[in-house]
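Since the structure comes first, as structure tokens, the remarks are kept for the end.
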Amino acid sequence: MNNSSISLGSPEVSESNCACSVIIVIWNCWDYFFRCLSALEQQTCKNFRIIVIDNGDSTDEQVKYLHQNNNLTYRKSESNIGFSAGNNWALQLSQDAEWIILLNPDTLPAPNWFEKMIAAANLYTEFSAFGSTLLRADDPLTLDGEGDCYHISGIAWRSGMGLPAKNHSTTPWEIFSPCAAAALYKADAFRHIGGFDDDFFCYMEDVDLGFRLRLAGYRCLTVPDAKVLHVGSATTGKRSPFYVYYGQRNLVWTYVKNMPSILFWFFLPLHLAINLAGILRYSLSGRLKIVLQAKYDAIKALPNIWQKRQQIQRSRKVSTIEILRILDKHPVPGLGRSMNSLWK
């Protein structure tokens with residue numbers, strides 16, 4: 001990977017001198033990104049350093065603006081290395097950070113968001129990852145998600161998505177994994193499992209990360225009063241060919257890599273059925289070619305994915321029963337998503 005870089009701030013200031021690093025990976029979304037930076041500047045607690053990885057195009061004027069922030073480090077990739085590799089690169093610049101926050105550029109955290117997240121981390125020390133309450137940017141009264149759910153079939157979704165925000169619980173609860181649009185991770189746990197899988201590029205990479213955290217014995221909690229406005233797919237577009245390809249390819253890889261052996265074989269017919277349903281769904285909307293390419297590439301890479309699986313499963317620290325406990329087991333994937341918010 002060839003990268004050019006620009007370090008912002010005074011040269012005598014260490015890149016990793018803060019307890020927490022806020023990592024933002026951007027790709028041609030400067031308007032959203034600058035609004036996100038403005039929201040970070042308004043935080044009630046500012047014990048964090050911002051690390052920006054730029055995977056897209058930028059102008060001298062845009063980069064010049066970033067030079068004015070002495071608490072920000074900027075790195076420019078010569079090509080789009082993806083969300084996964086971009087965050088891993090930023091992690092290397094955060095060697096002394098105790099906590100890692102991942103924040104999408106199309107988010108607007110509430111002024112007390114960082115304070116609420118750190119307070120939860122200090123209070124619930126048995127947890128190593130924390131999710132935010134995402135609200136739709138175009139309709140803040142509607143939830144965009146409270147954490148990721150993972151179904152026994154391999155389907156993943158954000159809990160509570162589309163429900164009225166007033167109905168959601170105010171008490172933190174355990175989730176399968178946090179959505180990486182706005183999530184806090186204990187840096188040691190993040191590094192212990194090797195960070196993101198670069199091969200995922202984007203989409204489902206946070207679910208894969210969360211699954212591996214689970215298998216390694218780490219637990220995840222959602223923080224209801226840590227609120228963030230979220231546009232969602234601001235740069236790639238919802239249901240775009242880009243979205244379909246990586247989402248459908250990585251759905252297969254996440255299941256194959258992480259599902260414990262007994263559960264893997266028992267639920268494999270259901271996983272295959274879900275993949276066939278995905279092909280049918282996208283073929284009906286005129287995207288048969290892209291979804292078939294996604295499945296073909298997923299299968300083609302299975303020898304490599306199976307090697308990763310063997311390493312992950314050998315180092316697993318929790319029982320199969322514990323993993324089954326945290327998986328969604330409703331007969332239809334997503335059937336209980338409304339219940340997750342109303343009854344927690």
Side-chain angles (χ1 to χ4, degrees), residues 1-18 20-43 46 48-95 97 100-109 113-114 134 137-138 179-183 195-203 205-206 228-238 240-243 245-246:
M1 178 177 67
N2 296 321
N3 301 295
S4 58
S5 62
I6 303 172
S7 181
L8 303 184
S10 304
E12 70 272 15
V13 177
S14 168
E15 292 179 351
S16 308
N17 63 352
C18 294
C20 181
S21 290
V22 177
I23 298 172
I24 308 175
V25 177
I26 63 175
W27 183 74
N28 301 339
C29 54
W30 287 89
D31 288 343
Y32 289 111
F33 170 59
F34 283 136
R35 288 196 288 269
C36 180
L37 277 186
S38 178
L40 288 176
E41 291 170 358
Q42 299 172 32
Q43 292 297 300
K46 298 186 177 69
F48 55 81
R49 180 171 190 80
I50 302 170
I51 299 178
V52 177
I53 302 297
D54 181 5
N55 275 334
D57 301 321
S58 56
T59 66
D60 292 341
E61 191 64 27
Q62 289 164 335
V63 174
K64 180 180 178 181
Y65 176 85
L66 298 182
H67 274 285
Q68 301 172 13
N69 191 333
N70 290 328
N71 195 41
L72 186 149
T73 298
Y74 172 82
R75 292 288 186 271
K76 176 70 177 75
S77 176
E78 292 183 350
S79 61
N80 184 3
I81 60 176
F83 183 83
S84 298
N87 278 290
N88 286 339
W89 186 9
L91 184 65
Q92 295 174 15
L93 304 175
S94 310
Q95 292 300 319
I100 298 294
I101 279 186
L102 305 184
L103 194 62
N104 278 9
D106 62 345
T107 59
L108 289 173
W113 167 74
F114 179 76
L134 300 177
D138 61 346
C179 173
F196 285 112
D197 185 336
D198 287 356
D199 290 339
F200 273 55
F201 196 79
C202 66
Y203 292 123
E205 75 293 314
D206 54 348
V228 177
L229 296 180
H230 183 220
V231 175
S233 300
T235 56
T236 60
K238 297 178 179 178
S240 67
F242 186 93
Y243 174 95
Y245 175 81
Y246 286 104

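- Of the residues listed (Leu66, Ile23, Ile101, Leu72), the one engaging Ile50 in a side chain to side chain contact (heavy atoms under 4.5 Å, CB included) is Leu72, and it is the only one.
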Can you list the steps and then say if Ile24 with Leu40 is a side chain to side chain contact (heavy atoms under 4.5 Å, CB included)? CA-CA 11 Å; Ile24 308 175; Leu40 288 176; 3.9 Å; yes
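- Inter-residue side-chain proximity for Arg49 and Val22 is flagged as unmet; no heavy-atom pair is nearer than 4.5 Å.
- Atom SG of residue Cys202 and atom CD1 of residue Ile81 lie 12.0 Å apart, to the nearest 0.5 angstrom.
- Separating the CD1 atom in Ile26 from the SG atom in Cys36 is a distance of 10.0 Å, to the nearest 0.5 Å.
- Qualifying ring-ring contact (aromatic ring centres under 6.0 Å, His included) partners for Phe83, counting only residues two or more places apart in sequence or in other chains: Phe196.
- Residues that satisfy the side-chain hydrogen bond (donor to acceptor under 3.5 Å, both in side chains) test with Asp138, not counting sequence neighbours, are Arg136.
- Residues that satisfy the ring-ring contact (aromatic ring centres under 6.0 Å, His included) test with Phe34, not counting sequence neighbours, are Trp30, Tyr65.
- Here the CG-OG distance, from Leu103 to Ser21, works out to 13.0 Å after rounding to the nearest 0.5 Å.
- At least one donor-acceptor pair closer than 3.5 Å links the side chain of Lys76 to the backbone N or O of Gly56.
- Considering every non-hydrogen atom in both Leu134 and Ala182, the closest pair reads CD2-CB, 4.1 Å.
- Under the salt bridge (charged side-chain N to carboxylate O under 4.0 Å, His left out) criterion, Asp198 pairs with no residue at all, not counting sequence neighbours.
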The test is side chain to side chain contact (heavy atoms under 4.5 Å, CB included); show your working for Arg75 and Leu93 and say whether it passes. CA-CA 10 Å; Arg75 292 288 186 271; Leu93 304 175; 3.7 Å; yes
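- With hydrogens and angles ignored, the 3.5 Å screen pairs a side-chain donor or acceptor of Thr59 with a backbone N or O of Gln62.
- Partners of Tyr246 by ring-ring contact (aromatic ring centres under 6.0 Å, His included), not counting sequence neighbours, listed by chain and number: Phe201, Phe242.
- A distance of 14.5 Å separates NZ of Lys46 from SG of Cys20, quoted to the nearest 0.5 Å.
- Here the CG-CG distance, from Asn80 to Asn55, works out to 4.5 Å after rounding to the nearest 0.5 Å.
- Every side-chain hydrogen bond (donor to acceptor under 3.5 Å, both in side chains) that Asp54 has, sequence neighbours left out, goes to Ser58, Tyr74.
- Taking the side-chain contact (heavy atoms from CB on, under 4.5 Å) definition, one finds that Ala183 meets it with Pro178, Tyr185, sequence neighbours left out.
- Across Ala181 and Thr107, no two heavy atoms sit closer than the pair O-CG2, 3.7 Å.
- With sequence neighbours excluded, the residues that form a side-chain contact (heavy atoms from CB on, under 4.5 Å) with Ser38 are Gln42.
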Side chain to side chain contact (heavy atoms under 4.5 Å, CB included) assessment of Ser84 paired with Asp197: CA-CA 6 Å; Ser84 298; Asp197 185 336; 5.9 Å; no
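- In terms of modelled atom types and a separation under 3.5 Å, the side chain of Asp106 and the main chain of Gly232 share a donor-acceptor contact.
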Could you walk me through whether Ile100 and Leu91 pass the side chain to side chain contact (heavy atoms under 4.5 Å, CB included) test, one step at a time? CA-CA 8 Å; Ile100 298 294; Leu91 184 65; 3.8 Å; yes
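- Across Gly86 and Ile53, no two heavy atoms sit closer than the pair O-CG1, 3.3 Å.
- A distance-only check finds a donor-acceptor pair linking the side chain of Glu205 to the backbone of Tyr203 [under 3.5 Å].
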